[in-house]
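Below is one structure, written out as structure tokens; the observations come after it.
Chain letters run A, B, ... following the sequence lines, proteins first, then strands; residues in each count from 1.
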Amino acid sequence: MLVVADPHPTTWAALSERKDNTYLLPICTQFECDGSRTASNRSVQWGQQVVKPIFESKNDYEVMYLLAKKLGFADLMFKNIKVENNQPLAEDLLREINRGGFSTGYSGQSPERLKAHMANQDKFDLVSLRSTKDAPPEIAGDYYGLPWPCWGTPAIRHPGTHQLYNTNLHVKEGGGTFRARFGVERVVKTKVMEDGKEVEKEQRFNLLAEGSFSVGSELKDGYPEFTYGVLKKLGWDKDLTDPERERIEKIGGNNPDNVGWAIDLSGGIIRVALEHGCIPFGNGKARAAAWNLLDPVPVHREPIYTPRPDLVAKYPTYPKAVRFRVPDIGFDVQKAAVDKGIAKQFPLVLTSGRLVEYEGGGEETRSNKWLAELQQDSFIEINPADATERGIKDGQWVWVTGAENSKARVKALVTQRVGKGVTWMPFHFGGWWQGQDQRKNYPAGTDPIVLGESVNSITTYGYDPATGMQEPKAALCQVAAA
Amino acid sequence: MARMKFLCDADRCIECNACVTACKNEHEVPWGINRRRVVTINDGQPGERSVSMACMHCTDAPCAAVCPVNCFFTTADGVVLHSKDLCIGCGYCFYACPFGAPQYPRVGNFGSRGKMDKCTFCAGGPDPANTQANFVQYGTNRLAEGKLPLCAEMCSTKSLLAGDGDIIAKIYKERVAKRGYGSGAWGWKTAYRETIAG
């Protein structure tokens, strides 16, 4: 089953000729619904509906509610959320996020606080983001948009964190330390030769901060993440209120000491830690060696499809493995590519990137007539030397063939933007497939003004094992005049 | 009265085309007609430069000098405008213009031209009123509302400046003083491997 839920039909929506088990759900834009939105500086803003949903579109909340209803668990999923005419209340959705968002510091930004920020936008300093002296009490001391992390419940009125890890400020003023994310100590076992014998040595590294803490911290050194047990050791558990303590003990069952700040739904552990000038996630060191990743420090590995097969033996990709539920067969694919001489067949490096006119997959921006006029065709950048060898002129149609034998028909942009042996394609195009225009597959009136080949049809196998990110930047191709 | 001018600071233009898009959206300029465009020279090579170009609203404008029907006029703000009711689409102004500003819609086969269209400095046409009929012919008249051209207002790097020529000159002088005259001294970096810091 394929469900495309988007304001515009995407490449996938138009690709298939099949009539069954394919659903296009027209989703409202953010201008057609209320709700909270996080900006790239971690500030959260409350957005108001500007226009009513147009055509037959519905907002994400309603779609999710109707889906949950159909699957039979809407009552459970929305038990804390008011729903009217199938419309979940945006304020209640944020409150639900707040209740569950302690670990990410998405807990203090209540709809009431955010709306007060929107109503008093002129009362914030444009550089420091802090509210000005003449600000009303409901926003006093706040940073604009209560940037994550905004610790604890909205009631304790944490101001948000404008700059992360700023030890020059009290935690309650938006200061902080590095998170003690990887425990308190790392034990490294190494084998060394001693008196002609191999013996195992143990080295212990302190992962907590040493001599560094944020202003006003009662703990003048590193400290681990806060738990009920840690509070007890410090004697700070007496600062918890009775309802907070009851909640923690209920959550912890037989082992309440293990209840950490992130799962304490009372917010009590966070509140008490802040009262003592400490950050709930601990005070640790930053680490430059990520020992739990495959490459603790990044090392060079040749791309799966490399223009330099001679380097594969020395710099191979990761060994074959199953990561979570996904097999990683990159090693075999890389070896097969070397054995088959793929680099000779496809001698040009292909990389991809963005254009200023378009965004993402491009459906929205290619549907905008002013932007569409500026980029009317999908294209491939190719160096003049490579173009001359192939008899390709600037602006002419070419076939690009990928190393896994897919093909795309695009225009050539002969330019020195790319070096010899390198080509580049923008990734915003879609709606053509292997040279075939798919315009007839869009529902009437929804087809973007400009269609073109998706570069993802040319890029090849591979993904980063640490993040699951696919390999869209390093591929091989061949280009020929169409 | 202020003398309105454009200035595109080629050291700052990043070829984002926001000026072009702002212009098109504000005045609903149809496909194929560009009142403003971004020109890039030495694309992909060292020394690449982009510059945003439109009608420069010349003093003693050459377009007006060659127009056989005298459709051009200069406003009290120094903005060069024309009357589309008088224009016959002859194309003389296109040949006279040093900046390639005049644009013509194709109105039929055999390359016949429609009435000339060009940048109005967001000042509309002969009739300053913001009516629908004037909008269709010339776009909006922002100047009449005390607003400057939208292309420059939208410029993300403030490369494109529009407004009172004296104020623009002052802003640009400050930039040159700060960057050093090497920033505009063509060839200094190549010849002497230096830029003159202010």
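Residues A/Glu357 and B/Thr21 fail the side-chain proximity criterion, which asks for heavy atoms closer than 4.5 Å. Side-chain contact between B/Glu15 and A/Val356 is absent, with no heavy atoms from C-beta onward closer than 4.5 Å.
Remark: side-chain polar atoms of A/Glu373 are paired, donor with acceptor, to backbone N or O of B/Gly32 under 3.5 angstrom. Of the possible donor and acceptor atoms, none in the side chain of B/Trp31 sits under 3.5 Å from a partner among the backbone N and O of A/Ala372.
The part of A/Gln376 that comes within reach of chain B is its side chain, from C-beta onward, which places non-hydrogen atoms under 4.5 angstrom from that chain. Contacts between B/Val29 and chain A at a heavy-atom distance below 4.5 Å involve the backbone alone (N, CA, C, O). Neither the backbone nor the side chain of A/Leu413 comes within contact range of chain B, judged by heavy atoms closer than 4.5 Å.
Surrounding CZ of B/Phe94 are at most 12 heavy atoms belonging to other residues, nucleotides or ligands under 6.0 Å away. Around CD of B/Glu26, the count of heavy atoms belonging to other residues, nucleotides or ligands within 6.0 Å exceeds 12. In this structure, B/Phe73 places its CZ atom where more than 12 heavy-atom neighbours from other residues, nucleotides or ligands lie under 6.0 Å away. Within 6.0 Å of NZ on A/Lys440 lie more than 12 heavy atoms contributed by other residues, nucleotides or ligands. When the shell of 6.0 Å around CE of B/Met154 is examined, it contains 12 or fewer heavy atoms from other residues, nucleotides or ligands. Other residues, nucleotides and ligands contribute at most 12 non-hydrogen atoms within 6.0 Å of the CG atom of B/Asp60. Taking a 6.0 Å sphere around CD of A/Gln48, one finds it holds 12 or fewer heavy atoms contributed by other residues, nucleotides or ligands. Counting non-hydrogen atoms of other residues, nucleotides and ligands closer than 6.0 Å to OH of B/Tyr92 gives a total of 12 or fewer.
For the options B/Ala18, B/Gly44, B/Cys16, heavy-atom pairs under 4.5 Å to chain A are most numerous at B/Gly44.
Summarising the geometry, atom CG belonging to A/Asn368 is positioned 7.5 Å from atom CG belonging to B/Asn25; distances are rounded to the nearest 0.5 Å. Taking OG1 of A/Thr415 as the start and CD of B/Gln45 as the end, the distance is 7.5 Å to the nearest 0.5 Å. Rounding to the nearest 0.5 Å gives a distance of 7.0 Å between CZ of A/Arg417 and CD of B/Glu48.
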